[in-house]
Amino acid sequence: MAEITGRGPNGAGASPVIKVRSLVKRYGELVALDHFELEVRRGEIFGLLGPNGSGKTTAINCMLSLLKYGKGEVSLFGEPMKSDNYAVKKRIGVVMQNVAVFNELTVVENIDYFCGLYVPEKAKRKALTDEAIAFTGLDDYRKFLPKKLSGGLLRRLNIACGIAHKPELIFLDEPTVAVDPQSRNHILEGIRELNRNGATVVYTSHYMEEVEQLCTRIMIMDKGKAVATGTKEELKAMIRTGEKLTAEIYDLPENVLGEIRGVDGIFQADYSDNRLTARYPADGRHMITILDILRRGNVAFGRVSSEPPTLNDVFLEITGKELKD
Amino acid sequence: MFWNIYWKRILWFVRNTETIIWTWIFPLMLATLFYAVFTNIDASGQFSRMPVGVVDNGAYRQDAAFRAALESVSGEGDGSLFDLRLLPSQGEADTLLEKGEIDGYILVEDVPVLIVSGSGLRQTITKSFIDRYLQTKGAVEAVILRGGDFESVSAFLEPADYTEEISLSQNPPTEKVGYFYALLAMVCLYGGFQGMTTVTGLQANLSPLGARRTMAPVGRFRMVAYDMLGGVTTQYMCLLVIVAYINFVLGVSFGPKLWLVLLTCLAGSLLGVAFGAMISVTSKLKAQAKIAVLITVTMVCCFLSGLMVSGINYTVVQNAPAVAWLNPAARIADAFYCLYYYDTYERFFLNIGIIMAMTTAMLAVTAVFVRRQRYESI
């Protein structure tokens, strides 16, 4: 499957902070990354979107030089990324998918510890630690041990540990997994603020709504490959679906469904679970046409909704399966 | 950087419940238990004067030689054998014997005769004393009858020593110290928890924490060294507390060379931490399984060094000397043992040398595995 690439204005022209060329990573027989290519520009919030097992975390771990890979090149800030390239590592912040903190150290001690791996000066470190605590809203929990924190607060601590030293490039690997909505919003707003303050962000998630809200550019991944890259508008423009109609119908005769399918421009119409779904380009005419056909066929219908395509639709159209799968 | 990693490591240790239980509470409890069980071992091995009666009849009063001999080994002095009681009649002696207030009584008629109600070590000693007296008396009488002069009789009575008693140790031998030294060896090896946690927390393929720390812009060996130093410090502190408890609270002596005791604790701490680190890096088991392996190996080593059964260490030395020399627990316990018993330092420093060599070898193995920063999978 060839990658589809958008050419939007976001980040265009800015120097690439991350450049990955033809990366191949295998786990035995399984190809986890198949000639994976990526370019992230300075100042972007770049989203890696894909179902579980699509290779997002593997891609990040290869970029960070935690994982060995068979083929390909990774360069960060214009330098080849190696495990002992400490100058580059110093400019990076990593928030792992799994919470990685010391259970025996308090919130403030944990942040101070990880910040201290990057910033040796104690006074500077203290100021940065306080800033990270304020940034993640953990001020009331400074002396708490991680086991006393809720899942959402623990995730915030995980983020604070990764960003306290004010990195230029931040990798956030599914930071909102198992987080309550309030904490999730707090985390997403925090990421926007980091970006406003100049950080380039690489954000992985399998929650398409999050990626859609947050990211300036998105790469959709499947089976270790980038299947589409661009802004959300560009991605949506890549597919035929411009609008998706859903109508609740108790009984839809086959001939009526056939008539809908025959309408010029409607390229998909399905009926299942008492629900009619039709996809067509966004030109404003097709919804009226479909409702007219239903009326003429004496088909009673309930709630009718029409919505623009989501990233799930993009994924569905490109890969032939739901992103949620 | 150093203080940040080092100090947080110490904080980690003093707040980690598992480690506190295994390296502080468990050894302190075991030491207290040893004290309760073994405190009477030495006392039971000491000789106490035997309560023996003698019927104060005419024959006894007339046998001045026997009376003098008996009185010379009775009384309060150090060399006393008997707590001698003069009894007015044989009936009185029988009554005390029945009540168990005396081990036996001596009735002098033609010759002194020992009357006892049972057999045992004390009765045998009393009988031996009487037999020896009668034998000497007979020999002296024979010499005099054959015209022996005073000098030859004196020479005959003079005790001749054909052996010389030399104390090999500056401290009195006691069985219980071996248990406490083996216990300290166990605490040293429990430093393995420190080494294990250090390694697990630094390897990306073993923990998320390891992955995050691998991403830090800090040299691999620097991070391991600072972390391990924190581990050794906390382990050393732990050992000092336990040594102080055993020495000052339980009253178990370590001999007069305190600074060498502290050196042994330090070497033991290093060995323990290196031991755990090596087990951790060389095994692909999960964390809990690794802890189980560490505890099992530690307990086997401690068993062979005499922690559970007194004297097993000597059996191992006799039958499998290589095992004894390569057993880290045995070497640590033996170092403490040398400080207590030996006046010379050869064996002690040999033990310390072996401990340091083992530590170096274990750290080298650990270094080979830990230097890796990129993994096939995490």
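Below, each value reflects all heavy atoms present in this structure, side chains not excepted, and no hydrogens, waters or symmetry copies. The sequence lines fix the lettering, A, B, ..., with proteins before strands; numbering per chain opens at 1. Since the structure is predicted, the reported quantities are computational estimates derived from the model, not experimental observations.
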**Complete:** If one checks every heavy atom of A/Asn103 against chain B at 4.5 Å, the contacting part turns out to be neither

**Prompt:** Looking at CE of B/Met215 and CG of A/Leu117, how far apart are the two atoms once the value is rounded to the nearest 0.5 Å?
**Reply:** 11.5 Å

**Prompt:** Is it the case that more than 12 heavy atoms not belonging to B/Trp7 sit under 6.0 Å from its CH2 atom?
**Reply:** no

**Request:** Determine whether B/Lys8 and A/Asn110 make a side-chain contact, defined as any pair of heavy atoms from C-beta on separated by less than 4.5 Å.
**Result:** no

**Heavy-atom proximity to chain B below 4.5 Å, by part of A/Val99** = backbone

**Request:** Can you see which heavy atom on A/Leu66 is nearest to which on B/Ala211, and at what distance?
**Result:** CD2-O, 4.0 Å

**Prompt:** Is there a side-chain contact between A/Arg125 and B/Asn4 (heavy atoms, below 4.5 Å)?
**Reply:** yes

**Asked** Checking heavy atoms, do the side chain of A/Lys82, its backbone, both or neither come under 4.5 Å from chain B?
**Response** neither

**Asked** About how many Å separate OG1 of B/Thr19 and CD of A/Glu104, when rounded to the nearest 0.5 Å?
**Response** 7.5 Å

**Asked** Hey, is CD on A/Glu121 packed in by over 12 heavy atoms from elsewhere, all under 6.0 Å?
**Response** yes

**Message:** Are there over 12 heavy-atom neighbours, none belonging to B/Tyr226, within less than 6.0 Å of that residue's OH?
**Reply:** yes

**Request:** Against chain B, work out which of A/Glu109, A/Met96, A/Lys90, A/Lys122 has the most heavy-atom pairs shorter than 4.5 Å and name it.
**Result:** A/Glu109

**Message:** Checking side-chain polar atoms at under 3.5 Å, does A/Tyr113 have a donor or acceptor matched by the opposite partner on B/Arg9?
**Reply:** no

**Prompt:** So which of B/Arg15, B/Arg213, B/Met1 has the largest heavy-atom pair count under 4.5 angstrom toward chain A?
**Reply:** B/Arg15

**Complete:** Closest non-hydrogen contact found for B/Pro217 with A/Tyr86 is CB-O, 3.5 Å

**Asked** How about A/Asn158 and B/Arg212: does a side-chain donor come under 3.5 Å of a side-chain acceptor?
**Response** yes

**Message:** Is the shortest side-chain heavy-atom distance between B/Leu11 and A/Thr106 below 4.5 Å?
**Reply:** no

**Prompt:** Is the side chain of A/Lys89 donor-acceptor paired with the backbone N or O of B/Thr214 at a distance under 3.5 Å, no angle test?
**Reply:** yes

**Asked** When only pairs under 4.5 Å are counted, which of A/Leu105, A/Asn98, A/Thr58 shares the most heavy-atom pairs with chain B?
**Response** A/Leu105

**Message:** Taking side chain as everything from C-beta outward and backbone as N, CA, C, O, which of these in A/Tyr27 sits under 4.5 Å from a heavy atom of chain B? Side chain, backbone, both or neither.
**Reply:** side chain

